[in-house]
Amino acid sequence: MTAEATTEKARIGAPSIAGFTEEGEHLVASKVDRHHSHGTQVMASRAERITSHDVADFALPNGREEEWRFTPVRELANLLSDTPSDAGALGVIVEGPDSFVQGALRAGEAPRGATLVPADRAAVVASANVEEAQLIRIPADAELDQPIRVVMTGNGAGRRTNTHHVIEAGANSRAVVILEHDGSADHNGNVEVFVREGAKLTVVSVQLWEDDARHLAQHDAEVSKDAVYKHIAVTLGGKIVRLNSNVRFSGEGADAELLGLYFADAGQHLEHRSFVDHNLANCKSNVLYKGALQGKGAHTVWVGDVLIQKQAEGTDSYEKNQNLVLTDGCRADSVPNLEIETGLIEGAGHASSTGRFDDEHLFYLMARGIPEDVARRLVVRGFLNEIIQQIKVPALEERLTEAVERELAATEN
């Protein structure tokens, strides 16, 4: 990054941390009342965020709330209303190897609702308006040699859709699940993930919507003992996309990785939020989101929260967000948050940077005869490819690389 970039970093190790004791640091004097969720009070802790299956517990946001202050809520009235899906508004295709199981889960039917409890108005109205969640279960010890693909296609701008997917990876299983979104719709999508003991699961959520689509989503995962979970969000399309990705642990030795890639053009609002709740000891997490912006009015938001609870000794956690601004008229908001209640951890930290091209990189390439426009594309391609190559599905990686190339070709950089 250039000198224009702003960076915030913190790295701390165990067991001695300045300002901390074994009981952690008391960051605030008091906490707010969780049961009064309709005001504009600032939460004392990320753990204070209201969660509920009851629509009445979430008022319509006005944009002044901490959770919504970056989001253009005036354009989301349809998605925030307690409204069922329009008939025929969404086409869904599920494909993959024969070894996985499909099913349906009504509200209250396990494991639906065991880990995803709605945390905002969009998620709760989606949950309330899905009679049957779609279940995808990978049996214990199964190793899928091909990914499971769930392709969701919106069939009209402004048409309301609500979905709830439950993905369960059985003990010691290995699988990749890809959720693809395209077409046009006003889409509310909840995704609930269970990674059972010793399993390895990758969930990739790809947003390739048309320019008039709006998409709000909450993805929650519970990661069990010695399990490995990777969540990758790739957002290239849509007028407004806001995706909340959350993780908690249900066994020691669990490992979670939240990765994201986004590319905002003129007039797009792409917002990603993550929350890692280190509620148990000896678990690991890594969060990395990378984005590029070009065109007047392009707006990206990343808010990353990590909470290390008092009992979560031995935690190893890090989060980072990087944004590359390609043209004037863009805005990137980046907010890393780290809350620690115990000093007995392996390490925790966060970093955030937003800036333009590194002139030295461009000079290096141009000095070797590469034209400036080509050199700029090479820099952006390399910047974003770090996320794409984590998918490990060659066909999808190729598609996304081509999509990024189309984004770069859309504007003279």
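Computed from heavy atoms alone, side chains included, the values below leave out hydrogens, waters and symmetry copies.
The pair Arg399-Glu180 meets the salt-bridge criterion, since a charged nitrogen lies less than 4.0 angstrom from a carboxylate oxygen. Salt bridge absent: Glu346 and Lys284 never bring a charged side-chain N and a carboxylate O closer than 4.0 Å. The pair Glu341-Lys310 does not meet the salt-bridge criterion, since no charged nitrogen lies less than 4.0 angstrom from a carboxylate oxygen. A salt bridge links Asp120 with Arg242: at least one charged nitrogen is closer than 4.0 Å to a carboxylate oxygen.
Interatomic distance, Leu400 CG to Phe263 CZ, rounded to the nearest 0.5 Å: 13.5 Å. Of the inter-residue distances, the one linking Arg121 atom CZ with Asp57 atom CG reads 10.5 Å to the nearest 0.5 angstrom. Distance CG/Leu408 to CG/Leu378: 10.0 Å, rounded to 0.5 Å. The line from CG of Asp277 to CD of Glu339 is 9.5 Å long, rounded to the nearest 0.5 Å. Distance CZ/Arg377 to CG/Leu326: 11.5 Å, rounded to 0.5 Å. Summarising the geometry, atom CD belonging to Glu407 is positioned 11.0 Å from atom CG belonging to Leu293; distances are rounded to the nearest 0.5 Å.
Between Ile148 and Ile138, the closest side-chain pair of non-hydrogen atoms falls below 4.5 Å. The side-chain heavy atoms of Glu271 and Thr235, taken from C-beta on, include no pair separated by under 4.5 Å. Inter-residue side-chain proximity for Leu258 and Val247 is flagged as met; some heavy-atom pair is nearer than 4.5 Å. The side-chain heavy atoms of Leu236 and Leu270, taken from C-beta on, include no pair separated by under 4.5 Å. Annotation: side chain of Val301 is not in contact with side chain of Thr71 (no heavy-atom distance under 4.5 Å). Looking at Leu79 and Ser81, their side chains never come closer than 4.5 Å, going by heavy atoms from C-beta outward. Side-chain contact between Asn129 and Asp82 is present, with heavy atoms from C-beta onward closer than 4.5 Å. Between Leu288 and Gln390 the shortest side-chain heavy-atom distance does not fall below 4.5 Å.
With Ser85 contributing its side chain and Asn162 its backbone, the two residues share a donor-acceptor pair below 3.5 Å. The backbone N or O of Gly253 sits nowhere less than 3.5 Å from a side-chain atom of Asn282 that would complete a donor-acceptor pair. Formation of a donor-acceptor pair under 3.5 Å by the Asn385 side chain with backbone atoms of Arg381 is not found in this model. Using modelled atom types, no side-chain atom of Gln311 and backbone atom of Ala281 make a donor-acceptor pair closer than 3.5 Å. In this structure, Asn78 contributes its side chain and Gly158 its backbone to a donor-acceptor pair below 3.5 Å. Judged purely by atom type and a 3.5 angstrom limit, Asn279 uses its side chain to pair as donor or acceptor with the backbone of Phe249. Put simply, the side chain of Asp86 never gets that close to the backbone of Arg159: no donor and acceptor are under 3.5 Å apart. Formation of a donor-acceptor pair under 3.5 Å by the Asp182 side chain with backbone atoms of Leu208 is not found in this model. No donor-acceptor pair under 3.5 Å is formed between the side chain of Arg273 and the backbone N or O of Val303. Within the 3.5 Å criterion, the main-chain N or O of Glu397 finds a donor-acceptor partner in the side chain of Thr401.
Residue pairs satisfying the side-chain hydrogen bond (donor to acceptor under 3.5 Å, both in side chains) criterion with at least one member in residues 135-146, sequence neighbours excluded, are listed as follows: Arg137-Glu168. Here salt bridge (Lys or Arg N to Asp or Glu O under 4.0 Å) pairs that include residues 87-102, with residues two or more places apart or in two chains, are Glu95-Arg149.
Heavy-atom minimum distance, Ala104 versus Leu135: N-CB, 4.3 Å. When all heavy atoms are compared, the tightest approach of Arg112 to Glu131 is NH1-O, 3.4 Å. Residues Ala199 and Gly170 come closest through the heavy atom pair CB-O, 3.3 Å. Nearest heavy atom pair, residue Gly295 against residue Thr327, reads N-OG1, 2.7 Å. When all heavy atoms of His187 and Thr163 are compared, the closest pair comes out as CE1-OG1, 3.2 Å. Residues Ser184 and Ala213 share a closest heavy-atom pair of CA-CB, 4.2 Å.
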Exercise. Between Gln309 and Thr342, is a side chain to side chain contact (heavy atoms under 4.5 Å, CB included) present by the stated rule, with each step listed?
Worked result: CA-CA 7 Å; Gln309 296 193 36; Thr342 177; over 6 Å; no

For this session: List the steps and the verdict of side chain to side chain contact (heavy atoms under 4.5 Å, CB included) for Ser173 and Arg196.
Result: CA-CA 8 Å; Ser173 63; Arg196 303 304 187 189; over 6 Å; no

For this session: Run the numbers on Val228 and Lys230 for side chain to side chain contact (heavy atoms under 4.5 Å, CB included), then give the verdict.
Result: CA-CA 7 Å; Val228 177; Lys230 182 186 292 185; 5.8 Å; no

For this session: For the pair Arg356 and Asp328, evaluate salt bridge (Lys or Arg N to Asp or Glu O under 4.0 Å) and give the outcome as yes or no after the intermediate values.
Result: CA-CA 10 Å; Arg356 293 184 178 274; Asp328 293 332; 2.4 Å; yes

Problem set entry | side chain to side chain contact (heavy atoms under 4.5 Å, CB included) evaluation trace for Val166 with Phe194 | CA-CA 8 Å; Val166 178; Phe194 300 89; 3.9 Å; yes

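Partners of Asn246 under the side-chain contact (heavy atoms from CB on, under 4.5 Å) rule, at least two apart in sequence or in another chain, are Arg46, Gln218, Asp220, Asn244, Phe275.
No side-chain N or O of Ser274 forms a donor-acceptor pair with one of Glu319 less than 3.5 Å apart. Judged by distance alone, the side chains of Gln207 and Ser205 do bring a donor and an acceptor atom under 3.5 Å apart. Judged purely by distance below 3.5 Å, without hydrogens or angles, the side chains of Ser250 and Ser224 pair a donor atom with an acceptor atom. For the residue pair Asn321/Ser352, the side-chain donor-acceptor check at 3.5 Å is not satisfied. A donor-acceptor contact under 3.5 angstrom links the side chains of Asp265 and Gln294, judged on distance only.
Using cut-offs of 30° and 60° for the angle between ring planes, the His215 and His181 rings count as tilted.
For Asn337, the CG atom sits in a packed shell: over 12 heavy atoms of surrounding residues, nucleotides or ligands are nearer than 6.0 Å.
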